[in-house]
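So the structure is just underneath, and the comments pick up after that.
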Amino acid sequence: MTTEPTTDANEMAPAEGIEMSTAYHPRSVEQRVYAGWEQSGAFRPSRPGATPFTIIQPPPNLTGELHVGHALTTAVEDALVRWHRMKGDDTLWLPGVDHAAIAVNAIIERQLREQGISRHDIGREEFLKRVWEFVNTSRSRIAEQHRRLGASADWEREAFTMDEARERAVRLTFKKLYDDGLIYRAERLINWDPVSQTAVSDIEVEYEDVESAFWHVRYPIADDEGNPTDRYVVIATTRPETIPADTAVAVNPEDDRFRDLVGRKVIVPMTGRAVTVIADEAVDIEGGSGALKVTPGHDPVDFEIGERHGLEIINILNLDGTLNENAGQYAGLDRDEGRRRIVADIESAGLLEKTEPYTHAVGHSERSGAIIEPLVSLQWWVKIQPLADPAIEAVKDGRIKFVPERFERTYLHWMENIRDWCISRQIWWGHRIPVWYCEDCEALTVGITDPTFCESCEGSNITQDEDTLDTWFSSGLWPHSTLGWPDEDAEDLKRFYPTQVMETGYDIIFFWVARMIMLSLYNMDGVVPFEHVYLHGLVRAADGSKMSKSKGTAVDPLGAVDQYGSDALRFALLSGTSPGNDQRLSDERLEAGRNFANKLWNASRFALGMVEEGDDLSLPDPATMPVEDRWVLSRLNQVNQNVERLTGRFELAEALRQTRDFFWDEFADWYIEVAKVRVRADDRTPLPVLVHVVDRTLRMLHPFMPFVTEEIWQRLAAIAPDPDGAEALIVARYPEANTALIDEAAEASFEAVQEFVRAIRNIRAEKRVDAGRWIEAYVVGGDAVESATALSDAIEQLARVRPLHVVATTAEAPSEGVVTSVLAVGQVALPMAGLFDPAVERERIGKQIAEAEREVGGIEGKLGNEQFTARAPADVAQRERDRLETAQSRLAGLRQSLTELG
RNA sequence: GGGCGGUUAGCUCAGUUGGCUAGAGCGCAGCGUUGACAUCGCUGAGGUCACUGGUUCGAGUCCAGUACCGCCCACCA
């Protein structure tokens, strides 16, 4: 796809001109706006010479159902991408689809089972055909789902781990590792998933507590001829079905109880086999009965003991989890049934000492949920230590930074204890292992392209390994393989590698992040795949539990989009996300997002709607502006500055919160209200400020809420064209804070006016003055008298007071029959003949005096402390002195009011 | 067994170099105007920041310990 730096104005322009409907309808806006973005090629404006910003999209769920966690990932990444794009960086966001081998295989196999057939009935080719059908459908669904979320990813460039380019990258990596001696084939104990019928790696095994039993079984001690005696050793086991696979009994060498037994033989119950008692330090003296049955074929610890002592390995399991002929009379039984039968037999043979209830952790397959059976099998492995060492170094020396930092420890701990990685899977969908076996000479050939003859004997009688590679082997190549590796001249690779940000959930550090770091360093000559790993938390149900479809606590992201709008969903997800911390998603949160989108719509509509033909919308010299204009511009720029800083530190929720609060609580609730009064009095000067603030806020919010901001902004641009000529907000420039407009004096003045208004409203509410009634009021302005005078019309409207007298000192305000409120910045006084009760007033003021006295006392105590004045920084001490002064004058004012009450 | 996180208003959570008179949203109570918005406005109530001790002029924030909740890792048969 070719991308143009500019956009087509016709495609982007809103259909209805600048008229905005009274109600905000997210759905129609979303569809139209997204289509505009897509057609215009705005998703990847090429900006030669700009700083590259690259972000990698983690794989969505290929089952085709959008999980809310992925919606969060998309929202966060899209926010970062849009932000960088607006700042002029050259962004590349590679949306990716992983081939999710085990999950997809399981789905197709289930479909087949429902038809009563297995994959072997239809053969590999037909099986893969069905997989592709399913995967292609899923991929287009995924793209569609991202559109609905507003993701600005360029789906034409989607990276898919199963395409041809990736196959080449995978094979090359495999061969390189093999040639370097880092890939080997070995018979070892692996985690077998009897349902999916494949090996899985250590991290794909999830341990869950299962209530089971501890069977204490008597192993008779044999005499010299190998016949059982009356003596026996008691051995506790949780897996009696593996007894037929026992090839030794082990005790700790330091254990005095069994010292005399070492070297003697015991009889394995129900088999009659005699095995030797060995001493090994792996045996815990405290554990079980102190003696351990050694089953090298079906237990990792035992496997290691077996290796140390050269023990025989017996495999008693078929690949479907049933017992095989090595289990003797139990052959053919399912493992559970085998367990029951063997326990019953042991008991009737009088060899069961006791049974205790016991809860222990049992490994389950992450994908199929089946209980994992350790068994010995021939598999391909990656020798991991040589890959792990540089990956540890890259994090330790800061070339890769985790956000939040604490996950570096998690990562390092795992990496430092890593074990070899079993990469072969006995499934069909996936990258097939690029190894061909020669049937003539037994040599093997590793091929980047399919070999036609054996490398060793040159015979043509070769067949490819039936197995496929672990999904994460190819996913681990993502950061470079999706950019064009192994073609080292690929434009994207040169320009965008290393990437800047890897953003994902912390649950995927080991699976994916660690593998990407290891394999990328290996393939890319030690250059890190990304500079930051930003880890968001998990999204939980409203009650804090893991979302569960069966419990009905799962939030369906697309359902939420339908109900509340895409911007609302993104607001809810982004406002709750802080690095590494889980969040809860509830209807209330979604409503808050919807409400804010509505507020944006209405406040903007109103502000823009006041603009008339011929209005001058350029901002005048700040010095000539009234205080409220200077105040709102000052606040705008402060927030702009904060948002800039926060977003750069991945603190998106705080950035969003500050922008929201500014727009709603300050701009909409105060500035617009004040501006209204001026405009009604035919003063057009607030219009440039209104338009300017709306414009800037929309730009700041666009990364978070792209649809509603784009829609409003295009109406805005129709009356106030973008200075850079941008035709859409998505390609408009991100605002830079203008610190020259930060005006603390204006802020203080306007805040004083806010205080006056609030004080009057407060008294009105307290005295139950009818909301619609106009009453007389005095504002004693003090230092803020100037701005209060300038804003007297606004104060009248906002507090519904008329006539309003703004005076400088209390002496100019009446003191008889008035309800007063003494503030830090001045006073207000409302004459209330009918409602006035001196006794009530005395009590009210008395309370305030007590409070003010407490405050004054507190500050005085602090300032009287020599340690404080000597050690606290000057600005802190000065602030305390200022506070004391205002508190004292307020206290004086209150006391005076009380005196006047008599 | 090891490690990590959490404990702040009725609920969900902010509070990132210690200076706080501790904030927000929702909920609650009261009142509803002025043609942007009832998906709204105004006003208000509500917190000994889990507990104990320490460092400091000063601790929600730093340190040590305790309790409870959650998560991750680990070959206790």
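Per chain, numbering begins at 1; letters A, B, ... match sequence-line order. None of the values given here were measured: they were computed from a predicted structure.
Contacts of A:Y358 with the nucleic acid, taken as non-hydrogen atoms under 4.0 Å apart, involve only primed sugar atoms and P, OP1 or OP2. At the heavy-atom level, A:R594 lies under 4.0 Å from base atoms of the strands shown. Using a 4.0 Å heavy-atom criterion, one finds that A:K293 contacts no nucleic acid atom at all. Here A:V283 lies in heavy-atom contact (under 4.0 Å) with a base. If you check every strand for non-hydrogen atoms under 4.0 Å, A:A771 touches a base. A:D299 comes within 4.0 angstrom of no nucleic acid atom, judged by non-hydrogen atoms across all strands. Residue A:E588 is classed as a sugar-phosphate contact, given heavy-atom separations below 4.0 Å to backbone atoms only. Using a 4.0 Å heavy-atom distance criterion, A:F596 is classed as making no nucleic acid contact. Contact annotation for A:A607: no contact, since no heavy-atom pair falls under 4.0 Å across all strands. When heavy atoms are screened at a 4.0 angstrom cut-off, A:R800 is found touching base atoms of the nucleic acid.
Comparing the same atom, C1', in B:U52 and in B:U17 gives a spacing of 27 Å after rounding to whole Å. For the C1' atom pair drawn from B:C63 and B:U56, the interatomic distance equals 12 Å after rounding to whole Å. Across B:C11 and B:C49, the matching P atoms stand 16 Å from one another, rounded to whole Å. B:G10 and B:G46 have their C1' atoms separated by 9 Å, given to the nearest Å. Taking the P atoms as reference points, B:G44 lies 24 Å from B:U39, given to the whole Å. When the P atom is compared between B:G60 and B:U43, the two are found 29 Å apart, to the nearest whole Å. B:G15 sits 29 Å from B:U55 when the P atoms are compared, rounded to a whole Å. B:C13 and B:A50 have their P atoms separated by 15 Å, with the value rounded to a whole Å.
A heavy atom lying under 4.0 Å from RNA chain B marks the following residues of residues 235-251 of chain A, by number: A:A236, A:T238.
Between B:G44 and A:N762, a contact under 4.0 Å exists linking OP1 or OP2 to a side-chain N or O. When the side-chain nitrogen and oxygen atoms of A:R409 are compared with OP1 and OP2 of B:C4, one or more of them lie within a distance under 4.0 Å. For A:Y506, no side-chain nitrogen or oxygen approaches OP1 or OP2 of B:C4 to under 4.0 Å. Between A:K546 and B:G70 there is no side-chain polar atom (N or O) within less than 4.0 angstrom of OP1 or OP2. Look at A:H360 and you won't find any side-chain N or O under 4.0 angstrom from OP1 or OP2 of B:C76. Within the 4.0 Å cut-off from OP1 or OP2 of B:G41, at least one side-chain nitrogen or oxygen of A:W664 is found.
Counting only N and O atoms by type, the side chains of A:D209 and A:H360 include no donor and acceptor under 3.5 Å apart. For the residue pair A:D284 and A:N252, no side-chain donor N or O sits within less than 3.5 Å of a side-chain acceptor on the partner. Counted by atom type alone, A:E853 and A:Q848 present zero donor-acceptor pairs between their side chains at under 3.5 Å. Side-chain contact annotation: A:D246 with A:T295, donor-acceptor N/O pair under 3.5 Å present. No hydrogens or angles considered: a donor-acceptor pair under 3.5 Å links the side chains of A:Q878 and A:D882.
If you measure from atom CG of A:L412 to atom C1' of B:C4, you get 14 Å, rounded to the nearest angstrom. The nearest whole Å value for the distance from the CG atom in A:N595 to the C1' atom in B:G25 is 10 Å. Computed from coordinates, the A:D209 CG to B:C71 P distance equals 12 Å when rounded to whole Å. Counting to the nearest Å, the C1' atom of B:G30 and the CZ atom of A:R764 are 15 Å from each other. The distance between atom CG of A:L585 and atom C1' of B:G25, rounded to the nearest whole Å, is 14 Å. Distance CG (A:D302) to C1' (B:C76): 12 Å, rounded to an integer number of Å. Distance, A:Y207 OH to B:A74 C1': 9 Å, rounded to whole Å. Separating the CD atom of A:E673 from the C1' atom of B:G41 is a distance of 8 Å, rounded to the nearest angstrom.
For A:V301, taking side-chain heavy atoms from C-beta onward, the closest of the listed nucleotides B:C75, B:C73, B:G5 is B:C75. Of all nucleotides listed (B:C37, B:C26, B:C76), B:C76 comes nearest to the side chain of A:D284. Checking B:C75, B:C31, B:C57 against every side-chain atom of A:R768, the shortest atom distance belongs to B:C31.
Here B:U34 sits opposite no nucleotide as a Watson-Crick or G-U wobble pair (both hydrogen-bonding atom distances under 3.5 Å). Nucleotide B:G1 forms a pair with B:C73, judged by Watson-Crick or G-U wobble geometry with both contacts under 3.5 Å. Remark: B:G25 base-pairs with B:C11; criterion is Watson-Crick or G-U wobble with both hydrogen-bond distances under 3.5 Å. Pair assignment for B:U52: B:A64, on the basis of Watson-Crick or G-U wobble contacts that are both within less than 3.5 Å.
Residue A:F407 forms a ring pair (Phe, Tyr, Trp, His ring centres under 6.0 Å) with just one option from A:Y534, A:F510, A:Y506, and that option is A:Y506.
Two residues, A:S604 and A:R758, neighbour RNA chain B, and the one matched to the more 5' nucleotide by heavy-atom proximity is A:S604. Taking for each of A:A765 and A:A668 the nucleotide of RNA chain B with the nearest heavy atom, the 5'-most of the two is the partner of A:A668.
In terms of modelled atom types and a separation under 3.5 Å, the side chain of A:D299 and the main chain of A:D302 share a donor-acceptor contact.
Under the 4.0 Å criterion applied to side-chain N and carboxylate O atoms, A:E356 and A:K354 are assigned as salt-bridge partners. For the pair A:E851 and A:K847, the salt-bridge criterion is not met [side-chain N within less than 4.0 Å of a carboxylate O].
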Between A:K862 and A:T869, does the side chain to side chain donor-acceptor pair (under 3.5 Å) criterion hold? Intermediate values first, please.
CA-CA 8 Å; A:K862 207 179 229 183; A:T869 44; over 6 Å; no
Under the criterion side chain to side chain donor-acceptor pair (under 3.5 Å), I'd like the reasoning laid out for A:R589 against A:Q583: C-alpha separation, chi angles, the key distance, then a yes or no.
CA-CA 11 Å; A:R589 298 270 306 280; A:Q583 63 167 308; 3.2 Å; yes
A:E30 and A:R27: salt bridge (Lys or Arg N to Asp or Glu O under 4.0 Å), yes or no, with the steps?
CA-CA 5 Å; A:E30 285 164 17; A:R27 195 163 342 184; over 6 Å; no
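Atom CD of A:E286 has 12 or fewer heavy atoms from other residues, nucleotides or ligands within 6.0 Å.
Judged by distance alone, with hydrogens and angles left aside, A:E286 brings no side-chain donor or acceptor close enough to the base of B:A77 to form a pair under 3.5 Å.
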Per-nucleotide protein contact along nucleotides 13-21 of chain B, 5' to 3', at a 4.0 Å heavy-atom cut-off (B base, S sugar-phosphate only, - neither), is SS-B--BSB
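Annotation: cation-pi geometry not satisfied between A:R635 and A:W664 (NZ/CZ under 6.0 angstrom from ring centroid, within 45° of ring axis).
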